[in-house]
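Right, one structure below, let's go through it.
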Amino acid sequence: MRSNRTKLVLALCTALLLALAPASAWAQEPAAKQAPAGQQAPAAQANLAPSARSAILMDADSGTIIFEKNSHDKLPPASITKVMTMLLIMEALDEGVVKLTDKVSTSEYAASMGGSQIFLEPGEEMTVEEMLKGIAMASGNDASVAMAEKIAGTEAEFVNMMNKRAEELGLKNTHFSNVNGLPVDNHYTSAHDIAVMSRELLKHPEITKYTGLYQDYLRKSSDKPFWLVNTNKLVRFYSGADGLKTGFTSEAKFCLTATAKRDNLRVIAVVMGEPNTKTRNAEVSQMLDYSFAQYMNHTIFKKDDVMGTIKIEKGSVPELTLTAKHSYSVLLKKGSSVKDIRYELQMPKLMAPIKVNEPIGKLIVYQGDQVLTEFNVDSPATVERAGWWKLFKRSVGSLF
């Protein structure tokens, strides 16, 4: 009996302690992931993009997320698909697979595309630059397929390249089934993934020569000139806007990945599933306004700055000079101190062959001892493996 009374008293005491003690004494919540020094966690407190199905706001240089809303939801992207199409075109230009002046012939299949188009005729030829302009400004579904066939032989093979590139970029919620975003099964992405591929596209700054144009002509000297008007009206009406891509289908609703630059800060704003173009443009403008009001960038390297050199074992050249292909910077709240910011290049031992744009190391930026951000550093050139005679001469030369 005494044993039962003792158990009862202990149980009552335990219950009383649980009721009076703070919850944190008994159940520890996982610690919130801290934003880097000088930076801010996603702006959940800001009522941005209230009408969008999903949205994200990202610093283009560092990839820091400023705001997000349902950003990993898999959704139909409509013509925002063409961000990846344009990325592969720009990379093909970099690698010499095509040139801007190359002629592109339009197949019957490419000419048969519906929706947004530049009304290519079967057999009609345009240059790569004209096709790119038609994709970037007029969202040409026909031009997208014609370029896919030019680069990969078939649209299906180009789609394989798109999905492979998405995998390389670490996009977990993306799968492409065509090159232009016309409604089709198993074709989806997310606001987050669109921002990442938009950021990658902007590493080719010449793309804004096309995405930032408000109007132009195709076939200007022919008897059938075609007037191009950019589907992204922000490039005309929002200060600093110069891209990137709109999208609409009845399933996807109104979508936009937009970019703008003011002073040293470039941001990317993505919205999906907006109810109409007016709301879409207003909410994206508000997202951009928020970024420029709250944040600044601190530059580590400007485009074309020499970052350092790296030795290449058994390469056709013994070392490579690393030149910044784009700006490297960190996002900070306005007014933050920059005096403790430093960086280091981490480069593993490299052995040829190495392909152009292949990741070869990291640029790590610190504030004090805390990592602010990390950047992949890509090879600026292809380095073939040296022949035995060159290696022999190099070895003999090093002896003297």
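Both backbone and side-chain heavy atoms feed into the values below; hydrogens, waters and symmetry mates do not. Treat the numbers as computed from the prediction; the structure is a model and nothing was measured.
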Hey, mind stepping through Lys245 and Thr231 against side-chain contact (heavy atoms from CB on, under 4.5 Å) and telling me if it holds?
CA-CA 8 Å; Lys245 193 71 201 70; Thr231 57; 4.1 Å; yes

Test Ser116 against Ser139 for side-chain hydrogen bond (donor to acceptor under 3.5 Å, both in side chains), laying out the working first.
CA-CA 6 Å; Ser116 301; Ser139 196; 4.6 Å; no

Would you check, one step at a time, whether the test salt bridge (Lys or Arg N to Asp or Glu O under 4.0 Å) holds for Glu206 with Lys209?
CA-CA 5 Å; Glu206 59 274 25; Lys209 173 183 173 183; over 6 Å; no

What do the steps show when you test Lys99 against Asp102 for salt bridge (Lys or Arg N to Asp or Glu O under 4.0 Å), and what is the final call?
CA-CA 5 Å; Lys99 300 190 295 292; Asp102 285 350; 3.5 Å; yes

Can Asn297 and Ser329 be said to form a side-chain hydrogen bond (donor to acceptor under 3.5 Å, both in side chains), step by step?
CA-CA 6 Å; Asn297 255 341; Ser329 62; 3.3 Å; yes

Might you work through the salt bridge (Lys or Arg N to Asp or Glu O under 4.0 Å) test for Lys311 and Glu319, ending with a clear yes or no?
CA-CA 4 Å; Lys311 295 190 180 301; Glu319 65 180 26; 3.7 Å; yes

Salt bridge (Lys or Arg N to Asp or Glu O under 4.0 Å) evaluation trace for Glu167 with Lys164:
CA-CA 5 Å; Glu167 186 177 347; Lys164 181 182 177 183; over 6 Å; no

What verdict does the side-chain hydrogen bond (donor to acceptor under 3.5 Å, both in side chains) test give for Tyr238 and Asp289, after you've listed the backbone C-alpha separation in whole Å, the side-chain angles of each residue and the deciding distance to 0.1 Å?
CA-CA 10 Å; Tyr238 189 88; Asp289 286 344; 2.6 Å; yes

Criterion side-chain hydrogen bond (donor to acceptor under 3.5 Å, both in side chains) on Asp61 and Ser327, from CA distance to verdict:
CA-CA 6 Å; Asp61 280 354; Ser327 173; 3.1 Å; yes

Pair Ile151-Phe158, side-chain contact (heavy atoms from CB on, under 4.5 Å): steps then yes or no:
CA-CA 7 Å; Ile151 291 171; Phe158 193 87; 4.0 Å; yes

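A salt bridge links Lys133 to Asp216: one of the charged nitrogens lies within less than 4.0 Å of a carboxylate oxygen. The pair Lys355-Glu95 fails the salt-bridge criterion, with no side-chain N (NZ, NE, NH1 or NH2) lying under 4.0 Å from an Asp/Glu carboxylate O. One finds a salt bridge joining Glu124 and Arg219 here, because a Lys/Arg side-chain nitrogen approaches an Asp/Glu carboxylate oxygen to under 4.0 Å.
For the pair Ser285 (side chain) and Asn281 (backbone), a donor-acceptor distance under 3.5 Å is present. Side-chain atoms of Ser177 come within 3.5 Å of backbone N or O of Asn186 as a donor-acceptor pair. Between the side chain of Thr299 and the backbone N or O of Lys302, no donor-acceptor pair lies under 3.5 Å. Between the side chain of Glu130 and the backbone N or O of Thr127, at least one donor-acceptor pair lies under 3.5 Å.
With a 4.5 Å cut-off on side-chain heavy atoms, Lys150 and Val98 count as touching. Residues Leu132 and Met147 fail the side-chain proximity criterion, which asks for heavy atoms closer than 4.5 Å. Taking 4.5 Å as the limit, some side-chain heavy atom of Leu265 sits within range of a side-chain heavy atom of Asp59. Proximity of Glu149 to Tyr109: side-chain heavy atoms (C-beta onward) are separated by under 4.5 Å at one or more points. At a threshold of 4.5 Å between non-hydrogen side-chain atoms, the residues Thr323 and Met307 do not count as touching. When side chains are defined from C-beta on, Arg262 counts as touching Ser239, because their heavy atoms get closer than 4.5 Å. Proximity of Asn180 to Thr81: side-chain heavy atoms (C-beta onward) are nowhere separated by under 4.5 Å. Contact annotation: the side chain of Leu171 approaches that of Met197 to within less than 4.5 Å [non-hydrogen atoms, C-beta and beyond].
When hydrophobic clusters are built by joining Ile, Leu, Val, Met, Phe, Trp and Tyr residues whose side-chain heavy atoms come closer than 4.5 Å, directly or via intermediates, Leu228 is grouped together with Leu100. Leu182 and Leu120 end up in the same hydrophobic cluster when Ile, Leu, Val, Met, Phe, Trp and Tyr side chains are linked at under 4.5 Å. Note: the hydrophobic cluster containing Leu350 also contains Val317 (ILVMFWY, side chain heavy atoms under 4.5 Å, direct or indirect links). Leu218 and Ile207 fall within the same hydrophobic cluster, defined by Ile, Leu, Val, Met, Phe, Trp and Tyr side-chain heavy atoms under 4.5 Å apart, directly or through other members. In the hydrophobic clustering of ILVMFWY residues, with side-chain heavy atoms under 4.5 Å counting as a link, Val196 and Tyr188 come out apart.
Taking CZ from Arg165 and CE from Met84, the interatomic distance works out to 7.0 Å, rounded to the nearest 0.5 Å. In this structure, Met131 CE and Met126 CE are separated by 6.0 Å, a value rounded to the nearest 0.5 Å. Rounding to the nearest 0.5 Å places NE2 of His204 at 11.5 Å from CE of Met86. The NZ atom of Lys74 lies 10.5 Å from the NE2 atom of His175; values are rounded to the nearest 0.5 Å. Taking CD1 from Ile56 and CG from Leu48, the interatomic distance works out to 12.5 Å, rounded to the nearest 0.5 Å.
Across all their heavy atoms, Ser79 and Lys82 have their closest contact at OG-NZ, 2.7 Å. Leu57 and Ala269 make their closest contact through CD1-CB, 3.9 Å (heavy atoms, listed as atom of the first residue, atom of the second, distance). Here the closest heavy-atom approach between residue Leu202 and residue Ala60 is recorded as CD1-CB, 4.5 Å. The two residues Cys255 and Gly273 have their closest heavy-atom pair at SG-N, 3.9 Å. Looking at every heavy atom in both residues, Asn70 comes nearest to Arg53 through ND2-O, 3.1 Å. Here the closest non-hydrogen pair linking Ala49 and Glu283 is CA-OE1, 3.2 Å.
Looking only at atom types and distance, the side chain of Asn173 has no donor-acceptor partner in the side chain of His192 under 3.5 Å away. Of the N and O atoms on the side chains of Asp193 and Thr174, at least one donor lies less than 3.5 Å from an acceptor on the other residue. No hydrogens or angles considered: nothing links the side chains of Arg385 and Ser316 as a donor-acceptor pair under 3.5 Å. Defined by atom type and a distance below 3.5 Å, a donor-acceptor pair is missing between the side-chain atoms of Ser144 and Asn141.
For Glu374, the CD atom is densely surrounded, since the number of other residues' heavy atoms within 6.0 Å is greater than 12. By the 6.0 Å contact criterion, CD on Glu108 is open, its count of non-hydrogen atoms from other residues, nucleotides or ligands being 12 or less. The 12-atom threshold is exceeded at NZ of Lys334, counting heavy atoms of other residues, nucleotides or ligands nearer than 6.0 Å.
Because its NZ or CZ atom is not both nearer than 6.0 Å to the ring centre of Phe254 and within 45° of the ring axis, Arg280 does not count as a cation-pi partner of that residue. Remark: Lys333 is positioned above the aromatic ring of Tyr295, its terminal NZ or CZ atom under 6.0 angstrom from the ring centre and at most 45 degrees off the axis.
The aromatic rings of Phe375 and Tyr328 sit perpendicular to each other, their planes meeting at more than 60°, with 30° as the lower class boundary.
Taking the six-membered ring for Trp, Tyr343 and Phe301 have ring centres closer than 6.0 Å.
Residues forming a side chain to side chain contact (heavy atoms under 4.5 Å, CB included) with Asn376 (at least two apart in sequence, or on another chain): Lys362, Asp378.
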